[in-house]
Amino acid sequence: MISETHQLVFVGGLHRSGTTPFARCLAAHPMVSGFSNTGVDEDEGQHLQDVMPTGQAFGGPGRFALDPASALTEASPLVSADNARRLADQWSRHWDTSRPVLLEKSPPNIVRMRFLQALFPSASFIMVVRHPVIVSLSTKKWAKTSSYDRLFDNWFAAHDTMRRDAPFIERLQVVKYEDLVLSPDDVLAETASFLNLDGAIPSDSLQVGRSSSYEQTWDDWRHSANPVARLRFNRLIRKYGDRAAQFGYRMDRLHGTEPFTI
């Protein structure tokens, strides 16, 4: 069972944002217990409980953040001591509670930080952010939509909610996936300090180059002889460029990021 000495850590971020490799690194630390071999998709805690609806209830990958009902706060009627105990009990079946830090990772956490904090006031939150172009293109094959605009809209809806909720969160770290793969030891050292972990978080499970095919698709659209593809590229740049810049990204450049303030 969970006790007051445990530290709960919730990792969130849209599908294809790098939450799974980040969580695996964190769970490899000897002080941390995460979920593994649970039999559910990506060992996500959302599928190991029955207190709150999963992201699938709101359309799943590439769609869930567009439904305002997917975003939960402390005002939700689901906030109660009984539900906190129920969640803790259901998740504890999959944690090694002899470890002091207990990790749960699910994409919808990005729009539910305030809700989870209301249930577990001392919890820490780590949100993983990745370029909207890469996330949108890589989610396309999993999403129940044929619209690239809808995929981009979902990215901005989720991250706008994250930014809006951030001032209410006592303990929050935002990790940019691009920084994680470029300087894993530095980023993971910041996370270790944030969580007061003894020793380094292993980074050897991280793989680089996982964005290359989507980068190539984006570049192909940019230089395509097909006017439809070029038109799509230029329209998306115009439509989302200013909003992407607010999060430190450029729609016309997939490498390099700037910090953003939450």
Side-chain angles (χ1 to χ4, degrees), residues 7-38 40-48 55 61 65 91 94-96 99-113 116 123-136 138-139 142 155 158-159 162-163 166 169 171-212 214 247-249 254-255 257 259-260 262:
Q7 178 180 188
L8 268 64
V9 181
F10 293 101
V11 171
L14 286 185
H15 298 86
R16 315 296 292 173
S17 288
T19 57
T20 296
F22 175 80
R24 285 175 181 162
C25 289
L26 187 50
H29 191 281
M31 292 177 64
V32 180
S33 177
F35 299 148
S36 63
N37 301 314
T38 61
V40 302
D41 289 346
E42 301 294 342
D43 292 311
E44 292 170 0
Q46 65 170 329
H47 303 303
L48 298 170
W91 285 335
H94 306 278
W95 277 322
D96 176 0
R99 300 190 181 193
V101 180
L102 305 177
L103 168 66
E104 189 278 325
K105 182 268 296 184
S106 294
N109 290 349
I110 192 172
V111 296
R112 297 179 175 178
M113 292 189 292
L116 292 166
S124 299
F125 296 84
I126 305 175
M127 297 296 117
V128 184
V129 178
R130 192 179 189 181
H131 200 297
V133 169
I134 301 299
V135 170
S136 299
S138 62
T139 305
W142 308 110
W155 193 98
H159 292 81
M162 180 192 75
R163 171 175 271 171
I169 305 305
R171 291 186 47 76
L172 171 62
Q173 180 189 27
V174 175
V175 171
K176 281 197 167 182
Y177 179 80
E178 295 81 7
D179 296 336
L180 178 65
V181 297
L182 182 64
S183 304
D185 293 337
D186 292 340
V187 172
L188 293 173
E190 292 176 5
T191 298
S193 177
F194 175 65
L195 298 177
N196 296 311
L197 301 178
D198 297 329
I201 298 172
S203 63
D204 49 305
S205 64
L206 283 174
Q207 299 179 10
V208 299
R210 300 300 295 271
S211 302
S212 57
Y214 307 108
F247 293 92
Y249 291 110
L254 303 186
H255 294 282
T257 69
F260 68 93
I262 57 172

- Item | Results of side chain to side chain contact (heavy atoms under 4.5 Å, CB included) for His159 - residues two or more places apart only | Leu14, Ile110, Val129, Trp155, Met162, Phe247
- Task: Decide whether Ser124 and Arg171 meet the rule of one side-chain donor and one side-chain acceptor closer than 3.5 Å.
- Result: yes
- Note on the structure: Correct closest heavy-atom pair for Ser136 and Pro132 would be OG-O, 2.7 Å
- Take Phe125 and Val9 through the test side chain to side chain contact (heavy atoms under 4.5 Å, CB included) and record every step on the way to the result. CA-CA 6 Å; Phe125 296 84; Val9 181; over 6 Å; no
- Message: Please verify the inter-ring angle class for Tyr249 with His131; under 30° counts as parallel, over 60° as perpendicular, anything in between as tilted.
- Response: tilted
- Quick one: side chain to side chain contact (heavy atoms under 4.5 Å, CB included) partners of Ala192, sequence neighbours excluded? Leu197, Ile201
- First locate atom OG of Ser106, then atom CD of Glu44, and finally report the distance between them rounded to the nearest 0.5 Å. 5.0 Å
- Using salt bridge (charged side-chain N to carboxylate O under 4.0 Å, His left out) as the criterion, list what pairs up with Asp41, not counting sequence neighbours. none
- How would you list, by chain and number, every residue that makes a salt bridge (charged side-chain N to carboxylate O under 4.0 Å, His left out) with Lys176, sequence neighbours excluded? none
- Would you check if the side chain of Arg99 reaches a backbone N or O of Val32 as a donor-acceptor pair within less than 3.5 Å? yes
- Query: Can you tell me if Ser193 uses its side chain to pair, donor with acceptor, with the backbone of Ala189 under 3.5 Å?
  - Reply: no
- Set of salt bridge (charged side-chain N to carboxylate O under 4.0 Å, His left out) partners for Glu104, sequence neighbours left out: none
- Item | Residues that Thr38 engages under side-chain hydrogen bond (donor to acceptor under 3.5 Å, both in side chains), provided they are two or more places apart | Asp43
- Distance from Asp198 atom CG to Met31 atom CE, nearest 0.5 Å? 5.0 Å
